Novice: 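One structure follows; several queries about it will come next.
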Amino acid sequence: MNNAVENRIKRRKKLEHWKVIALYLFLYDIIVVNFSYFFGLWLRFDFRFQTIPKEYLQGFLRFAPYYTVFAIVVFYYLRLYKSIWRFASFSELNRILAASLITMLFHTVGITLLVRRMPMAYYVIGPIVQFGLTVAIRFAYRFVLLERGRRQKNGKPAKNVMIIGAGAAGQSILRELLNSQRAHVRPCCMIDDNSNKWGRFVEGVPITGGRGDILSSVKKYKIDQIFLTIPTATVEQRRDILNICKETGCEMKSLPGMYQLVNGEVSLSKMRAVAVEDLLGRDPVKVNLGEIFQHIKDKVILVTGGGGSIGSELCRQIAGHAPGMLIIFDIYENNAYEIEQELKSRYPYLNMKVLIGSVRDSRRINWVFEQYHPDIVYHAAAHKHVPLMEGSPCEAIKNNVMGTYKTAYAALKNGCQRFVLISTDKAVNPTNIMGASKRLCEMIIQSMDRVSQEGREDLLPSIHAHGKPEGLGEKIAVEETDSTVNGRPEGRSHRVRTEFVAVRFGNVLGSNGSVIPLFRKQIEQGGPVTVTHPDIIRYFMTIPEAVSLVLQAGTYAKGGEIFILDMGDPVKIDTLARNLIRLSGHKPDEDIEVVYTGLRPGEKLYEEKLMAEEGMEKTPNDLIHVGKPITLDIERFFGQLEELTRYGYEEYAQIRALVAEMVPTYHSAEEDMERRLEKYRSMQAQAAAVHEMAVTKVE
C-alpha cells in the first residue's frame, strides 16, 4: 500500500513531457524576441558590433526587459505553449502570426515613444526574424516527429493506397494517413475528375487523373486499397466509380456521407468497407419529415416486434419525432433491452415503455391497449425466415396470422386511430407458407378496415387457442364513462374509426437474416460464398428506407391500402455476391469460390410487388405507390380464419391446403418454377415459329 502511494507521489512530482517542452520553448522565446531586434540593428551596421552607435544599443537594452515580458505574456495567451506541435497546422501558424503582429506594434510604438527612434532596418528586420525563428522551432519539432514516424512505418510492410477525391475530405484523410503511426499504409496517388488538379501534388502525393485513369494508376502504383472520399457524390456517381474500382481487385473503403464533412467528422475512423448497396444505383427514398413529425408528435405509439431489425429502426426514427409515448413490445427480451438502452442514451427525456409479451397472447395484448390506449400501431412482429417456416407452418400461422388478427382486434376494440402492418413482397403470388401467411395478414387488415368503416363488428370471429376461448368474439362496444387511464378516457361515447393499412417492400439490406451479412461472414472466413441459384433476383432497400416508407405511409393512409415502394430494378443475387467479393479485394472463383446450393424450400426465383388484380395508384411521393384493395367476402374469410386458427393450434398436417383455399394465388415453389419454365418454352416456340416463317418467306 505504501509503495503505491509513493509511486503516485513520484508521478505527481515528475513534470509531464509537454510541460518540459513548454519550458524549453519559453526559454527559447526569451532569447529569440531579443536576438531578433538586435539582429536588425546589427544588420543595419553591416554586422560590425563596434560601429553600432551607443545611443541605439542603450535604447535597445533599456527597452528589452519590458518587451520580453510583454512578448511572453502574448505568446502564453495565444496558447503557443499549450499546443500539440506534433499536429501543428494553419491554426497554430495563424496564432504565431497574430502574436508577431501584436508584439511588433508594441515594440515599434513603445521604443519609439518611450526611448528613442531606431533605424528603419531595426523595425523591419526585427519582427521578420522573430516570426521566422518562432515558427521554425515549432514546426521543426513537428517535422522531426513526422520523419521519425515515416521511418518507423517504412520498416513495416505497408499497403499502397489510392485516394479518390482530392477535395477537403480527401485531403483530410491523406494528412491523417501521412501522420498516423498506426495506419500501415502508403498513400501513392490521388484521383479527381477536376482536370485543373491533374499533374499537381497534395502533401507530395500526385493527382494522376480522373476516374478514367483509375485502372492504369492501380497498375502503375501497385495499389492494394482504394479510399473513396467524395461525400458529395450522387448515387449514380458513386455507382459508376465503384463499378470501375471493383474491376481492380483492390479492397475498397468509403466515407459514407456529406453530413460528416459538414460536421467536421472526416477521419480514418469514419471510413467503412464499401457496402454492396452502393452499387444498387437507386436514389434513396426521400420522405416528408414535416408530415411525419406532425403525424407522430404527442401521439402514443406502439411498435410490436420493436426489438427486431425493422422494429428497432422504427423506434429510433419515432423517438426523434417527439411522440407522447413510445411503447416497445417484443417477446425477445435481449433485443428489447438493447433498443431500450440505446434510446435512453440518445433521448433521455423520451417517455418510453418497454413491455415483454407475445402478440399471440390475447389477454396480454388487450391489456397493453386497455392500459395505454395507443393512437398508432406499427405491427412489425412476425416470423420471417422462409425455410424455417416451411418446416413449421403452424407456427407461421399462429404468430403471423393470428398475432396480426389479435393485435388488430385490440386496436379496433380500443379506438386506435391507425394500424400499420409491415408486409413483404413475398406475399405476392406466394410460393411459401411465410409469404402466404403475410398475404393472409394483408387480407386481415383489409377486412378489418371494412369492419371499422361499416361498423360490422358482429362478423368478427371468436378465436380459440387449445379449445379455450380467447374472448375476441364479443361485439365491440364501449360504454360512456368518465374514468380515465393515463389521462385518456377509458370509454368513448361514439365508435372511433380505425384506419388499417399495410406496407409492402422487398429484402432489407443488413436486417437479421439478410443475405449481405451472410456473404460478408463467408468472405471473412475465406469462402465459399453460397448462392442458391445463378438466376435468382430480388428487390432491395435499406433499413432506414423501409422505415421511412412505413412512417410516410402512416400519413397517407385512408384505410385499406397496401403501400408499395418503387425499389428500382431487381438485383441478381449472384452478381451481388461477386461484387461484394471484388469490393473486399478478392477475385470470385479464384480467391473466393462461389457455390450454388439450389433453391431452398419455398423459395422462388423472382419476387413481385403487385398481384395482377391489384392495380396501382400514385401518392404525393413518386417512389411510393398504392395497391388498390381487392374485394373480399369478409364473412366467409373470417369463418375460414377461425377454422385456420383451430387447425394451427392442433398442428393440423393439411394446413397448407386450407391456406391455399384462403389465398388463391398461393402455390408451391415447384409449381412456380414449372409455370415459368412453361412460359419460357412457349416464348422459345413462338420465336422458333417466327424464325421458320421468315426463312420460308425468304426461300
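All of these numbers come straight from a predicted model, not from anything done at the bench.
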Novice: Given the rule in the side chain to side chain contact (heavy atoms under 4.5 Å, CB included) test, do Ile214 and Val218 qualify, once you have shown the distances and angles that lead to the verdict?
Specialist: CA-CA 6 Å; Ile214 290 176; Val218 165; 4.3 Å; yes
Novice: Please tell me if the side chains of Thr208 and Met190 come closer than 4.5 Å, counting only heavy atoms from C-beta onward.
Specialist: no
Novice: So, the side chain of Ser345 versus the backbone of Gln341: is there a donor-acceptor pair under 3.5 Å, distance only?
Specialist: no
Novice: With a 4.5 Å limit on heavy-atom distance, are the side chains of Leu133 and Ile31 in contact?
Specialist: no
Novice: Would you indicate whether Glu333, at its atom CD, is surrounded by more than 12 heavy atoms from other residues, nucleotides or ligands within a distance under 6.0 Å?
Specialist: no
Novice: Give a yes or no on this: more than 12 heavy atoms of other residues, nucleotides or ligands lie within 6.0 Å of atom NZ of Lys197.
Specialist: yes
Novice: Is Asp29 reaching over with its side chain to a backbone N or O of Phe26, donor-acceptor style, under 3.5 angstrom?
Specialist: no
Novice: Are the side chain of Thr248 and the backbone N or O of Leu215 linked by a donor-acceptor pair below 3.5 Å?
Specialist: no
Novice: Going from CZ on Arg116 to CD on Gln58, what distance comes out if it is rounded to the nearest 0.5 angstrom?
Specialist: 9.5 Å
Novice: Atom CD1 of Ile163 and atom SG of Cys188: how far apart are they, to the nearest 0.5 Å?
Specialist: 10.0 Å
Novice: Side-chain contact, heavy-atom cut-off 4.5 Å: Ile301 with Met325?
Specialist: no
Novice: How far apart are the closest heavy atoms of Pro65 and Leu61, and which atoms are they?
Specialist: CD-O, 3.3 Å
Novice: Could you go through the side chain to side chain contact (heavy atoms under 4.5 Å, CB included) check for Asn160 and Tyr221 one step at a time?
Specialist: CA-CA 7 Å; Asn160 293 338; Tyr221 292 96; 5.7 Å; no
Novice: Under 3.5 Å, is there a donor-acceptor pair between the His107 and Tyr66 side chains?
Specialist: no
Novice: Are Arg316 and Glu313 close enough, and set up right, to give a salt bridge (Lys or Arg N to Asp or Glu O under 4.0 Å), and what steps lead you there?
Specialist: CA-CA 5 Å; Arg316 290 184 192 97; Glu313 181 64 22; 3.2 Å; yes
Novice: Does the side-chain hydrogen bond (donor to acceptor under 3.5 Å, both in side chains) test come out yes or no for Tyr123 and Thr112, once each step is laid out?
Specialist: CA-CA 10 Å; Tyr123 295 115; Thr112 303; 2.7 Å; yes
Novice: Rounded to the nearest 0.5 Å, how far apart are CE of Met162 and NZ of Lys222?
Specialist: 14.5 Å
Novice: Please check if the side chain of Thr51 supplies one atom and the backbone of Arg48 the other of a donor-acceptor pair under 3.5 Å.
Specialist: yes
Novice: Which residues pass the ring pair (Phe, Tyr, Trp, His ring centres under 6.0 Å) test with Tyr77, not counting sequence neighbours?
Specialist: none
Novice: My understanding is that only residues two or more places apart in sequence, or in another chain, count here; which of them pass ring pair (Phe, Tyr, Trp, His ring centres under 6.0 Å) with Phe131?
Specialist: none
Novice: Compare every heavy atom of Ile328 with every heavy atom of Gly307, then report the nearest pair and how far apart it is.
Specialist: N-CG2, 4.5 Å
Novice: Would you indicate whether the side-chain heavy atoms of Leu43 and Tyr122 approach each other to under 4.5 Å?
Specialist: no
Novice: Can you tell me which residue among Leu350, Asp298, Val300, Ile376 is in a side-chain contact (heavy atoms from CB on, under 4.5 Å) with Pro323?
Specialist: Leu350
Novice: Taking atom types as modelled, is there a side-chain donor on Asn335 or Ser312 under 3.5 Å from an acceptor on the other?
Specialist: no
Novice: Between Asp224 and Lys159, which heavy-atom pair has the shortest distance, and what is it?
Specialist: OD2-CA, 3.5 Å
Novice: If only atom types and distance count, is the side chain of Ser36 paired as donor or acceptor with the main-chain N or O of Val33 below 3.5 Å?
Specialist: no
Novice: Is there a side-chain contact between Leu57 and Phe38 (heavy atoms, below 4.5 Å)?
Specialist: yes
Novice: What are the two closest non-hydrogen atoms of Arg117 and Met120, and how far apart are they?
Specialist: NH2-CE, 4.0 Å
Novice: Roughly how far apart are Arg44 CZ and Tyr56 OH, rounded to 0.5 Å?
Specialist: 7.0 Å
Novice: Go through the steps to decide whether Leu326 and Asn351 satisfy the test side chain to side chain contact (heavy atoms under 4.5 Å, CB included), and finish with yes or no.
Specialist: CA-CA 6 Å; Leu326 173 60; Asn351 185 8; over 6 Å; no
Novice: In Å and rounded to the nearest 0.5 Å, what is the OG1 to CD1 distance from Thr229 to Ile164?
Specialist: 8.0 Å
Novice: Are side-chain heavy atoms of Ile339 and Glu342 found at a separation under 4.5 Å?
Specialist: yes
Novice: With side-chain hydrogen bond (donor to acceptor under 3.5 Å, both in side chains) as the test, pick out the partner of Arg211 among Asp193, Asp192, Asn243.
Specialist: Asp193
Novice: Which heavy atom of Val354 sits nearest a heavy atom of Ala336, and at what distance?
Specialist: CG1-CB, 3.8 Å
Novice: Does either side chain, that of Tyr28 or that of Thr134, offer a donor lying less than 3.5 Å from an acceptor on the other one?
Specialist: no
Novice: Of all the heavy-atom pairs spanning Glu203 and Leu174, show the shortest one and how long it is.
Specialist: CB-CD2, 4.0 Å
Novice: With side chains defined as the heavy atoms from C-beta onward, is the minimum distance between Leu228 and Cys245 less than 4.5 Å?
Specialist: no
Novice: Distance from Ile191 atom CD1 to Ser217 atom OG, nearest 0.5 Å?
Specialist: 4.0 Å
Novice: Using a cut-off of 6.0 Å, state whether more than 12 heavy atoms not belonging to Phe70 lie near its atom CZ.
Specialist: yes
Novice: Let me know which of Trp42, Phe60, Tyr67 forms a ring pair (Phe, Tyr, Trp, His ring centres under 6.0 Å) with Tyr37.
Specialist: Tyr67
Novice: Before giving the answer on side chain to side chain contact (heavy atoms under 4.5 Å, CB included), spell out for Arg186 and Val161 the whole-Å C-alpha distance, their side-chain angles and the decisive distance to 0.1 Å.
Specialist: CA-CA 6 Å; Arg186 184 184 301 110; Val161 170; over 6 Å; no
Novice: Are Pro53 and Phe45 packed together at the side-chain level, in the sense that at least one heavy-atom pair is separated by less than 4.5 angstrom?
Specialist: yes
Novice: For Phe39, check ring pair (Phe, Tyr, Trp, His ring centres under 6.0 Å) against everything at least two apart and list the hits.
Specialist: Phe35, Phe47
